[in-house]
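Take a look at the structure set out below.
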Amino acid sequence: MTGTHPLRAKRRRSALRTAAFMSPWLIGFSFFFAYPLLSTVYFSFTRYDGFRPPVFNGLGNWTYVFTDYPLFWPALWNTLWLVVAMVGCRVVFGLGIGLLITKIKTGTGIYRTLFSLPYLAPPVAGTLAFVFLLNPGTGPVNVLLDAVGLPTPGWFTDADWSKPALTVLALWGVGDLMVIFMAALLDVPKEQYEAAELDGAGAWSRFRHITLPNISPIILFAVVTGVIQVMQYYTQPLVAGKVSAGVIGGSGRQFEPGYPDKSTLTLPQVVYNAGFQRFDYGAACVVALVLFALSMAVTALLMRRRGGLIEAGD
Amino acid sequence: MPRTGRLTTAAGLVAAISVLATACTGQSGTAAADDPKADVTIGFWHGWSAPGEAKAIEENIARFEKAHPNIKVKVTGNMTDDKINQALRAGGDKAPDVVSSFTTDSVGKFCNSGAFADLNPFLRKSGIDKAKVFPKTLMEYTQFQGNQCTLPLLNDAYGLVYNKDAFKAAGITEPPKTWSQFTEVAQKLTKANGDSYDQLGIMPTFHGYETTPMRLVAQWGPTYFTADGKANLAKDPAFANMLTAQKDLVAKLGGYEKLERFRSTFGDEWSAEHPFHKGLVAMQIDGEWRTDMAKEAGVTFEIGTAPLPVPDDQVADYGKGYLSGTIMGIASASKKQNAAWELVKYMTTDTEAVVAFANSIHNVPSTLAALESPNLRVSPEFKTFLDIARHPKSTTTPARADGGTYQLTFQDFAYAVEKGDVADIPAGLAKIDQQIDTDIAKAK
């Protein structure tokens, strides 16, 4: 037998055509994912300041980050704290507001707009507004709390209150989640509620046995994207810490993020601090990889635990 | 399961791409083979932003361009150190050739990494003896281990700026010279009002603008490092003594929490809303610029200036202070280094240029000749800072391979001390020494 079998040639042409159609994605994947990931892994094993050529130093950066880098552990703790509190509160609050607005008969558009608007505010402007509102001495929130005889927290100037203050700030911009939840809630088949009502199910029972199962894939989506967002949380804590520390436009003074007492320090800030302030790309790459591994692990865990629910929701 | 796997991968990809977007690039450059007489345009980045300061720069550049008709300077102001660092690393046509920065603490990092070109060959070529041109302390913070990668461009001296009217009202006739007098005066000038203050003698916390641990400890005459380069904060009593004295002052003025709450009501340091301008604090640890800034803000009270107090056992050295300033260097990636040197030489060593610039932005001149120049405008308040700059015992913080990271480590510890979180200061300083040594070893 000689020559190429016509079927085999057809298959090869088909494979080439597929590859050609896929090439934009493949190129994008290689340049924007595979290359950065592999080079981050490579640089994490080198001493590299961005000016001189990288020098291989084995596990030096890894040991340094885990044992000697004073910002790493506080940032990891803060990031995990914020992941749990912020994601939890945002989902509950976003769902609550979504439920409330879907129940309202008149003026829904106005409420939707009102709750979505803060989400449109740029993060820096929103944070500055909250630093002003939560100013322990002059902020309207504390003035109000004082007027009704409640204790007035130090908010962004108190290490015990800075993360709750950031969580409140995150709730203010919950408009994105609210819109998604509203769409999901309006999608729940009405006949299921009607049937449940005929069976005598109360409001809580309807929510528990009809609403929740129907919207569980959306809740999972909100949690997973929320976790990823909080893992990348950078701007708001940096601005809040910087402004509260009194370092606004001042020159000549170095600013290490995290005021007060490293309580607003997050892992992305540590990546920036190590790489761009300390000129230590090696350590920055280690922290970036830790963040990457953490994001993957938390996401995988969530998907695995909730996998069954997703199938059920489909 | 396959669906879960796909979703996991997708979510992971999003996370990874976002997280790794800050990943690592960079290169460096060398050699100065360009002709400084050829027609050329060089880029100059600086950090000044106030209209008066930007105007002063423009005037200085105009004088330079007149003297060097073949060199055009493209000036970019209001640049932060972070942007400068990034541009130096990225290089390319858009990156600056000449850079000035307010952060003298970065010099060790700049020199060690090779971000800036060594200016020693340029100085030699131009026949400039740097020891005869610049004060000794300024030479300390502009070079690292013999690599003169920057030169001083104006100087900052830190002292005490005070409200003379508030002093009179409290029956205080002269500024405090020793730390115990300082503590006493600060208490006398403090008028508490419930949980807040009508007037505070001084904001002593280390977040209070220029009141940094490094500036305060300079009055104790510290030695940050031993001769063999090891951190010396635990062994030199200056550090523990300063921290103890400052913690005591914080306690006597109302305690950390009350003071920090009051501080959070303050306006921007560089605006008219500064608490000193508004009479909320009677004394301020500050640089030579504050008097003019306060006058421009329209304060109605009389302003006095004095050196910072010294510890009671060092009263003979009263008059000394902490010095830093602006630095200027040439990007090592620049392809126009000889032309760039002409600008650096002019701005940093030309007496007329230095004096004119110092007069315009109310900074202390950075050359010995400019300090003695008859054209230097000297008010009585400004003279205090000139004297601090000239004082033989005035000091600066030494350049190290990790830039100012060692100072941040000390600063972090000082925050904990003033807050009352440190029971054993010497033991804490010993740990700080270890951390500093580790960080410097890593940066080398």
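The model shown is predicted, which means the values in this text are computed figures rather than measured ones.
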- Query: Within 45° of the six-membered ring axis of A:Phe279 and under 6.0 Å from that ring's centre, is NZ or CZ of B:Arg89 located there?
  - Reply: yes

- Message: One thing to verify: whether B:Lys419 and A:Asp261 come together as a salt bridge, which I'm taking to mean a side-chain N less than 4.0 angstrom from a carboxylate O.
- Response: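 Yes.
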
- Less than 4.0 Å between a side-chain N and a carboxylate O, is that true for B:Lys442 and A:Asp280?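 Salt bridge between A:Asp280 and B:Lys442, a charged N being under 4.0 Å from a carboxylate O: yes.
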
Engaged part of [X] at the chain A interface, taking heavy atoms whose separation is under 4.5 Å:
X: B:Ala443; result: backbone
X: B:Ser196; result: neither
X: B:Asn78; result: neither
X: B:Lys258; result: neither
X: B:Gln434; result: neither

- Task: Return the option, out of A:Tyr42, A:Tyr64, A:Trp155, with the maximum number of heavy-atom pairs under 4.5 Å with chain B.
- Result: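 Ranked by contacts with chain B, first place is A:Tyr64.
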
- Query: So what's closer than 4.5 Å to chain B heavy atoms on A:Asp146: side chain, backbone, both or neither?
  - Reply: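 Neither; nothing under 4.5 Å.
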
- Task: Against chain B, label A:Asp158 side chain, backbone, both or neither, depending on which of its atoms sit under 4.5 Å from a heavy atom there.
- Result: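 Nothing of A:Asp158, per the 4.5 Å heavy-atom cut-off to chain B.
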
- Which atoms form the tightest heavy-atom contact between A:Arg52 and B:Asn112, and what is the distance?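 Scanning both residues completely, I find the closest heavy atoms to be NH1-O, 3.2 Å.
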
- Closest approach of B:Ser113 and A:Asp49, non-hydrogen atoms and distance?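 Residues B:Ser113 and A:Asp49, closest heavy atoms: CB-OD2, 3.4 Å.
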
- Taking B:Arg261 as the fixed residue, which of A:Thr138, A:Thr157, A:Asn135, A:Thr152 is the one that meets the side-chain hydrogen bond (donor to acceptor under 3.5 Å, both in side chains) rule? A:Thr152

- Cut-off 3.5 Å, side chains only: do B:Asp82 and A:Tyr272 have a donor facing an acceptor?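 Checked: B:Asp82/A:Tyr272 side chains pair up, N/O donor to acceptor below 3.5 Å.
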
